[in-house]
Amino acid sequence: MSSRSEVLEEFFISLQEAMWRILSRSWESVELRDLRRIAAADVAYRGDLALAVAICWDLERGEPVEEKWLACEALYPYVPGLLFLREAPPMLRAVKLLEHEWSLLLVNGHGLLHPRRMGLAVILGLVLGKPALGVAKSLLVGVEGPGEDWGPVEVSGEILGYWFKTRSGGKFYVSPGYLLTVDQVPELVRILGSRYPEPLAYADKLSKRLARSLSP
DNA sequence: GCGACAG
DNA sequence: ATCTTGTCGC
């Protein structure tokens, strides 16, 4: 795995800022009608090996209809705000391996809830040109607004996503990745079962299981 | 300057 | 994220 580079990180931060300057001019969104099949992506690690998983999930059947995975070298260390350097490349390839059609990609990581509005889910959705939703287990930026089972998360007074209570007392955070607006988030989470999205939970377990089955 | 910080 | 068994508790 390559070591951190101040010059490279500075450049990609500038790139994120430039991308947002352009995207924010006309943030597009689509109506998600046909949500029968959705994709989910996650990455697990075993030493310096990255194990990326992409699955296609049938929402009506409540089970996966396709599973693809890919192993490669971990490309870059984890740096808050630059997670895409580490996970987007293998995730993208894994998703591209899917042969089924899907209409929404669930990503393990933030979307707009990012210091520069350019979380992993935004990058992946942008590259794929398809709707994407960011789902994270902890907050990178933002403050939680009031709510019983769910509520808004805002950054400098602007709502960029929502927090949701898990049935086990925890929380998870959801924000638009691409081709979605913030106000579509609560409805989407409801459609996904009002709980931590099963497809992501499944992809998470699968990636970890595969990673641990690899040679140390 | 100090702390916070997706996975 | 990952290294890791049993254990406390609903």
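The structure displayed is predicted, hence computed values, not measured ones.
Checked options Leu70(A), Val107(A), Ile123(A); the residue passing with Met91(A) is Val107(A) (criterion: side-chain contact (heavy atoms from CB on, under 4.5 Å)).
Taking side-chain N and O atoms only, Lys137(A) has no distance below 4.0 Å to OP1 or OP2 of dA6(B). Look at Ser138(A) and you won't find any side-chain N or O under 4.0 angstrom from OP1 or OP2 of dC5(B).
In this structure, Leu51(A) reaches neither bases nor backbone, as no heavy-atom distance under 4.0 Å exists between it and the strands shown. In this structure, Leu139(A) reaches the sugar-phosphate backbone alone: every heavy-atom distance under 4.0 Å involves primed, P, OP1 or OP2 atoms, never a base. Counting any heavy atom pair closer than 4.0 Å across all strands shown, Gly81(A) reaches a base atom.
Panel note: side chain His114(A), backbone Val141(A); no donor-acceptor pair is recorded below 3.5 Å. Trp163(A) contributes no side-chain N or O that, together with a main-chain N or O of Asp149(A), makes up a donor-acceptor pair within less than 3.5 Å.
Spacing between atom OH of Tyr45(A) and atom C1' of dA6(B) amounts to 11 Å, rounded to whole angstrom units. As rounded to whole Å, 10 Å separates atom P of dG7(B) from atom OH of Tyr173(A). Counting to the nearest Å, the P atom of dG7(B) and the CG atom of Leu49(A) are 21 Å from each other. The CZ-P distance, from Arg212(A) to dC3(C), rounds to 8 Å in whole Å. Summarising the geometry, the separation between CG on Asp204(A) and P on dA6(B) is reported as 16 Å, rounded to the nearest angstrom. Between the C1' atom of dA1(C) and the CG atom of Leu200(A) lies a distance of 15 Å, rounded to the nearest Å. Remark: C1' of dC5(B) and CD1 of Ile13(A) are 13 Å apart, rounded to the nearest angstrom. With rounding to whole Å, Met1(A) atom CE is found 12 Å from dT2(C) atom C1'.
When the shell of 6.0 Å around CH2 of Trp69(A) is examined, it contains 12 or fewer heavy atoms from other residues, nucleotides or ligands.
Using cut-offs of 30° and 60° on the angle between ring planes, the pair Trp150(A) and Phe164(A) is parallel. Using cut-offs of 30° and 60° for the angle between ring planes, the Phe172(A) and Tyr196(A) rings count as perpendicular.
Here Tyr78(A) counts as stacked on dG7(B): its ring centre is under 5.5 angstrom from the base ring centre and the planes meet at under 30°.
In this structure, the side chains of Glu158(A) and Val182(A) stay at 4.5 Å or more apart for every pair of heavy atoms.
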What are the atom names and distances for every N/O pair under 3.5 Å that joins the protein to nucleotides 4-10 of chain C?
none

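Relative to the side chain of Lys208(A), the nucleotides dC5(B), dA1(C), dG7(B) differ in distance, and dA1(C) lies closest. Candidate nucleotides dC3(C), dA6(B), dA1(C) were compared by shortest atom distance to the side chain of Arg46(A), and dC3(C) ranks first. Side-chain proximity of Leu83(A) to dG7(B), dT2(C), dC5(B): nearest is dG7(B). Listed candidates were dA6(B), dG7(B), dT2(C). Nearest to the side chain of Asp42(A) is dG7(B).
Taken to the nearest 0.5 Å, the SG atom of Cys56(A) stands 13.0 Å off from the CG atom of Leu97(A).
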